[in-house]
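Just so we're on the same page: letters track the sequence lines, and every chain starts at 1. Atoms considered below: every heavy atom in the structure, side chains included; atoms not considered: hydrogens, waters and symmetry mates.
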Amino acid sequence: MDEKYFPEQIENKWQQRWSETGAFEARENDSRPRFYALEMLPYPSGFLHMGHVRNYAIGDALAWFKRLQGFNVMHPIGWDSFGQPAEQAAIKRGVNPRDWTEENIVHMRGQLQRLGISYDWSREIAAHRPEYYKWDQWFFLKMLERGLAYKKVSQVNWCPKEQTVLSNEQSSGGICWRCGTPVEKRDLEQWFLRITDYAEQLVADMKQIEAGWPEKVLKRQSDWVGRSEGAFIDFAVKDSDKKIRVFTTRIDTIYGATAVVLSAEHPLLPELLKDSALKSDVETFAEKVRNEKAIRTDLAEEVEKEGLNTGVLAINPFSGDTLPVWVANYVLLEYGTGAVMSVPAHDERDFEFAQKYSLPIRQVIAPATHDQLRSEPVATTAGDSSAEMKHSFTDYGVLINSGEWGGKPSDVAIKEMAAHAQQNGFGEAAVTYRIRDWGVSRQRFWGAPVPVIYCDNCGMVPVPYDQLPVVLPQTAAFTGTGESPLAGVAEFVNTTCANCNGPARRETDTMDTFVDSSWYFFRYLDPQNTNAPFDPEIAKQWTPVDQYIGGDSHAVMHLIYTRFWNKFMRDIGMVSFDEPVKRLLTQGMVTNRVGDTDEWKAMSKSLGNGVDPDEMIAAFGADAARLFVLFAAPVENELRWSDTGIEGAVRFLRRVYTMIWKWQQRLATGGGEPPATEFSSEARTLRRKTHQTIAKITSDFEQLHLNTSVAALMELFNQLSDFNADPARASDADVFAVREALEALVVMLTPFSPHIAEEMWEGLGHPGGLLAEARRWPIADPELARREELEIPVQVNGKLRSRVIAAPDVSEDDLRAAALADDRVRSLIDGHEVVKVIVVPRRLVNIVIKS
RNA sequence: GCGAAAGUGGCGGAAUUGGCAGACGCGCCAGACUUAGGAUCUGGUACCGAAAGGUGUGGGGGUUCGAGUCCCCCCUUUCGCACCA
């Protein structure tokens, strides 16, 4: 090792050595316990940004930690390389998306290697390569076989700026997930995956992962799936054999229904209107509502409720009442049945609607008091409470004005009334979900082609498995019009039918890139497999993933799709578990000040607040850059970038390096045996700090509390500085204590700054590198970590007044006596009555006096 | 509007979960290095006060011998949801 710390030199040296020795390659024939550390794979945009650096620095710290603890660690990386930006580059600049993508990968791979992230590069994958997307297509066909992939015309989310379809997850909140443009609705024929078949499991299986996943991610997923228990009820249409089915979670309020309200898109509407005098008015109104919905852009504002009476009447199956049927803009076709019973007295929306259109308001739930829950049925009067009620009453309570159900509490009535409906054939208890099927069709070039063909004779024909992959053509005309560019590539489109050999056309839609990322981490485990996406036997050894790390922006996209995919893979026998990821960490964003303002936003090119990782590496070294991002904030917090912070990291590394240099000669030659002589009190203090630090960092790592681990390393170093022994003259005992501290420091620094750690480890006289031994992570000795004496704070009436020194095993009585004997304490309690003395063993004494 | 989380020095953040508030770092101040300093080293750094001492974890109340931590009300910020029947 050199006298001075030259990061570039050290980093090059070790990156090369790691690569030559295959240091990070995970092997199958290995008896060590396994650990799968996974970071969300990047899109190859061309440049690594600080968010990537943070993500991979966290994952790498964990991977190194586990490796040093003796685990066989799987730590792979790949490229989420299909998607929009490549195609945008093609449209705008005429470059070939494949070339653009491959060049970006080369550049970013170089950046990752310069960062020294310990990936097993032999397992690298890229979604845009046929050997990968072949298996996307394979999975698609499997889903098609099982009826889980289907095509239908539907209203889809359309981003007018990017000219593309978006899934519901990608247009959450009504805006495009990528560019923030308000989303429009369009009618298109599209491929869907039946994620709704798994809605119940997506909710129920959260139990299995709740210990390891952030609560907020599970909450968002749970909201997204939107499980809701209630009942379907059929309202017969008067003078007709038609029925209107509504969904309600509050069947107990059904006697308060004063209208049935349909969404403007409700399929029954045209038939219902057939004989209505108001037909044309209603149709005009419904048309207007549909249009407003399709182009709605001011999402912040709640739209004012509007409705129109259709003139049609329906019959409440419980009360026999005749109710008007309305059409209104606040009823959604997508949820429930597209029709609701309007109960103004007990639903805010219905109340508002009833107020506006002067519909009657009938109260049927009374607030429950303790006695009422047991009271006899209240006499029913079908009164209109519109005058008295100022707000809807939406709590559960006791039924009134509800026929035979009067007097029953809501929860009981809900169960009994659903059963009653079922017995009488006009309804049933039901569970509905908010989640919709996953629209995976994209009218895009740069994605995996949907592997089906259309034959004039045979209709839609799946591409046979042995004809996969359906390979993307080299290029196409990129017009950016929203039509799939593949449609213009004749040699792609024109094919022969696998059934009848007649002429046929290929599907020109490609798949959503979230298909690629739904199962990629299984491919890492068996990346060369040509017979299957992966060998289930190999996958079994490594999965579920032990720790997954990435941004929380994917909480309801990638992270819900991949859970769905796993359940599908389970159902076709490829995996044996329900959940693919045991523990998930959603790391915080890396932000920087925007210009001269006080705003902190995620680094981005367009805001001009980006920090180039390459520049950081050049100026400070990869080790310092990584150390800083891990130290500056807890991993889940936002990280506000600071240029001075990283200088502190370099300073620390340089100080450690200098100390190792100072000691290396003495340590490299001397043996590591415990000395014959006694340890001095200072040496014992150093050893105590060493073992306390080992214990702290080892346990911090389990929670990924990396910032406090770094702080602990710094404390250990400060203690070493204070120890201030001279390498030339130090006693054997002192040298032993220093060696113990320095070796622990170096090994525990490795997850944060691996290059300098390897260099220093070598400098300390250990050839072969840190991974030469199966298990290198130090183990804390609790005996040595224990304090020899305790400084116990003494409070008088809760205020800190003094401290007493005590042995760690001091008895409560002795501690109390010592506190009461303390001079300062005595001067304060003299002349006062001691009411009580609280002794917390090993912690504190509080003396309560009367003042 | 609904829901959730969070408010600790100039800044990022610690605090063994009810027991010494401010670890560690950044910044700042002072000093040293017989020149320079955007290098390095040493010391200091919550606030008020000369000191003794007092005050202090968004504000107000409460529980407790003891509250950053628990409970209630309020304020602020961030995030999520957007008529989900």
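- With B:G27, B:C24, B:G80 as the candidates, the nucleotide lying closest to the side chain of A:Arg651 is B:G27.
- Between the side chain of A:Lys305 and the base of B:C83 there is at least one donor-acceptor pair of N/O atoms closer than 3.5 Å.
- Mapping A:Gly336 and A:Val845 onto RNA chain B via the closest heavy atom, the residue that lands nearer the 5' end is A:Val845.
- Here CG of A:Asp347 is found 9.0 Å from CE of A:Met341. Values are rounded to the nearest 0.5 Å.
- The separation between A:Asp700 atom CG and B:C24 atom P is 15 Å, rounded to whole Å.
- Closest to the A:Leu844 side chain, of the nucleotides B:G19, B:G25, B:A14, is B:G19.
- Side-chain atoms of A:Asn846 lie closest to B:G66 of the nucleotides B:G66, B:C41, B:A85.
- Geometrically, A:Lys305 does not engage A:Phe353 in a cation-pi contact, judged by NZ or CZ lying under 6.0 Å from the ring centre and within 45° of the ring axis.
- Rounded to an integer number of Å, the gap from A:Phe247 CZ to B:A85 P is 7 Å.
- Distance check: A:Ser802 OG to A:Arg826 CZ gives 12.5 Å after rounding to the nearest 0.5 Å.
- Rounded to whole Å, atom C1' of B:G13 lies 13 Å from atom NE2 of A:His705.
- Atom pair A:Lys836:NZ and B:C65:P shows a separation of 5 Å (rounding to whole Å applied).
- Looking at heavy-atom distances under 4.0 Å, A:Gly648 makes contact with sugar-phosphate atoms alone, never a base.
- Atom CG of A:Leu790 and atom P of B:G19 are 16 Å apart (whole Å).
- The C1' atoms of B:C79 and B:C29 are separated by 39 Å, rounded to the nearest whole Å.
- In this structure, the nucleotide among B:A85, B:C84, B:C26 sitting nearest to the side chain of A:Arg434 is B:C84.
- With values rounded to the nearest 0.5 angstrom, A:Leu262 atom CG is found 6.0 Å from A:Leu269 atom CG.
- Counting non-hydrogen atoms under 4.0 angstrom, A:Val848 reaches the backbone sugars and phosphates but no base.
- If you find the closest nucleotide of RNA chain B to A:Asp223 and to A:Arg824, the one lying nearer the 5' end belongs to A:Arg824.
- Regarding contacts with the backbone of B:C84, every side-chain N or O of A:Thr432 stays at 4.0 angstrom or more from both OP1 and OP2.
- Taking atom P on both nucleotides, B:C71 is separated from B:A4 by 14 Å, rounded to a whole Å.
- Within the nucleic acid shown, A:Glu334 has no heavy atom closer than 4.0 Å to any nucleic acid atom.
- Taking atom CG of A:Leu559 as the reference point, atom P of B:G80 lies 15 Å away to the nearest angstrom.
- Between the side chains of A:Asn718 and A:Ser721, not a single donor N or O lies within less than 3.5 Å of an accepting N or O.
- With a 3.5 Å ceiling on both atom-pair distances, the Watson-Crick or G-U wobble partner of B:C47 is B:G54.
- Looking at A:Trp224 and A:Glu169, their side chains do bring a donor and an acceptor atom within 3.5 Å of each other.
- Considering only side-chain atoms of A:Leu800, the nucleotide from B:C83, B:C41, B:A21 that sits closest is B:A21.
- Glycosidic conformation of B:U17 is syn; the angle stays within 90° of 0.
- Taking the O4'-C1'-N9-C4 or O4'-C1'-N1-C2 dihedral as appropriate, B:G9 has a value within 90° of 0 and is therefore syn.
- Atom C1' of nucleotide B:G12 and atom CG of A:Asn637 are separated by 9 Å, given to the nearest angstrom.
- Across the protein-nucleic acid pair, A:Leu828 atom CG and B:C65 atom P stand 21 Å apart, rounded to whole Å.
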